[in-house]
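Just below is one structure, and these are the notes that go with it.
These figures come from a predicted structure and were not determined experimentally.
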Amino acid sequence: MKAIVTLNAGSSSIKFALYELLPHGFRFDAGGKIEEIGTAPRLRARNAAGEVILERDWQQANAISHEHLLEDLFAWAATQLGDREIVAIGHRIVHGGSDFAAPRLIDDALLDALDALIPLAPLHQPHNLAAVRALRALAPHLPQIACFDTGFHHDLAPLTTRLPLPRSLHERGIRRYGFHGLSYEHIAKRLRDIEPTHAGGRVIAAHLGNGASLCAMREGKSIDTTMGFTALDGLMMGTRSGALDPGVVLHLQIQLGMSAQEVETLLYRQSGLLGVSGLSNDMRALHASDAPEAAEAIDLFVRQAARQAAGLIPTLGGLDGFVFTAGIGENDACIRARICESLSWAGIALDADANEANAAVISTGDSKVLVRVIPTDEEAVIAHHVVDLIRSEGGISR
Ligand code: AMP
């Protein structure tokens, strides 16, 4: 029996899943997450029935590297395999740049090309690639496949990719790309399953997690999105600022004397919900707090989400559907209600009870816009791509 593994390695977490290959398709077998890497890493894995099958933390936690954690993870996975053999590993790779959109087998040349994109995604890309290298060392003959978060946005119209800067910079790759593509690909697929004829029509999908963005989709294809050149653009996030007057960046460096690295750390790691609240990047912690700064951070998050969603409607030419996904989008009825309230002029009418219950459809029967909650599953999208490549003509053997 054959199996594949998917990995989504970030700066402070590694999500993983094990899928068993079936004659047609694949089946989720087990999966989970190592969280709080760098401070107090802990792992929790569940089986297909949702039962916790492993919980573990590490001694001398802050000294444990990603590589060490991956080694431990693979040692554990080996004990779970029984008569199954891992035949490929799929990775979420945040940035594929202009050249890479479709999933592909990772070789030395691709790794070099993806290394060159690290400055465009400094929070994610180094960790994505470090995981690839760690697994190459552990299992040199195992094919590894890159699935790009930028891929879903690869066919954006030229105007949508253009920044209002001199044209020569666009030719050098300074353009809008878009991210969270694996999550939006999953949403588009689910909408196709639910409404095969028009995949939801003109839809805004809101991926609201620690990273957050919006995607305008028409008939299941991305036509605009709030993240651009980097995953720093667009909505305010857990620790990222989102879109900002570029004059602020100049001021920080020229007037306040901050170095480029300090500005990078500020914008990626110290801003967003964490920066405005001064308390936490975690939405649950902000709801639980009485501090006025926590309330203000939530207010700003909602304001930004509604404002930027409204900004996508002209490109869509109207709005038929709205989808909430990711940690906040799937679970936080209060944030959903407030965003929907701000967009009521666009035809959204929320069913308060359905919203409180995290139902699949949370708009009223006569709402002009159908509002759904769809759990994201980036791992399943990666698994799909890996299986497609394995079964494609010629396979992926090295
Ligand atoms: P993600 O990056 O998709 O894992 O989402 C992380 C964000 O989702 C954090 O801000 C969490 O506080 C938030 N989140 C997760 N579960 C809930 C919940 N039940 N209610 C509110 N926010 C949640």
Exercise. More than 12 non-hydrogen atoms from neighbouring residues, nucleotides or ligands closer than 6.0 Å to CD on E341, yes or no?
Worked result: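 Count not over threshold, so no.
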
Just jot down the ring-ring contact (aromatic ring centres under 6.0 Å, His included) partners of [X], sequence neighbours excluded, or say none.
X: F322; value: F324
X: F26; value: Y19, H384
X: H95; value: Y177, F179

For this session: Can you run down the side chain to side chain donor-acceptor pair (under 3.5 Å) pairs that involve residues 346-364, sequence neighbours left out, and say none if there aren't any?
Result: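 Qualifying pairs, neighbours excluded: R336-N355, R336-N358, T364-D366.
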
Exercise. Under the side chain to side chain donor-acceptor pair (under 3.5 Å) rule, what pairs show up with a residue in residues 232-242, not counting sequence neighbours?
Worked result: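 Those involving residues 232-242 do not exist here.
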
Exercise. Cluster question for you: counting only ILVMFWY and a side-chain heavy-atom cut-off of under 4.5 Å, with indirect links fine, are V132 and L114 together?
Worked result: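 Yes; tracing contacts between hydrophobic side chains, which count when under 4.5 Å, links both residues.
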
Salt bridge check, [Y] against [X]: does any charged N sit closer than 4.0 Å to a carboxylate O?
X: D224; Y: R176; value: yes
X: E55; Y: R42; value: no
X: E379; Y: K15; value: no
X: D115; Y: R133; value: yes
X: D332; Y: R338; value: no

Okay, side chain of [X], backbone of [Y]: is any donor-acceptor separation there less than 3.5 Å?
X: T265; Y: Q261; answer: yes
X: T150; Y: G96; answer: yes
X: Q308; Y: G234; answer: yes

Problem set entry | Non-hydrogen side-chain atoms of F229 and L165 separated by less than 4.5 Å |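 No, their side chains stay 4.5 Å or more apart.
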
For this session: List, by chain and then residue number, the residues other than L370 in its hydrophobic cluster (Ile/Leu/Val/Met/Phe/Trp/Tyr, side-chain heavy atoms under 4.5 Å); write none if there are no others.
Result: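 V361, which link up through side-chain heavy atoms under 4.5 Å apart, make up the rest of the cluster.
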
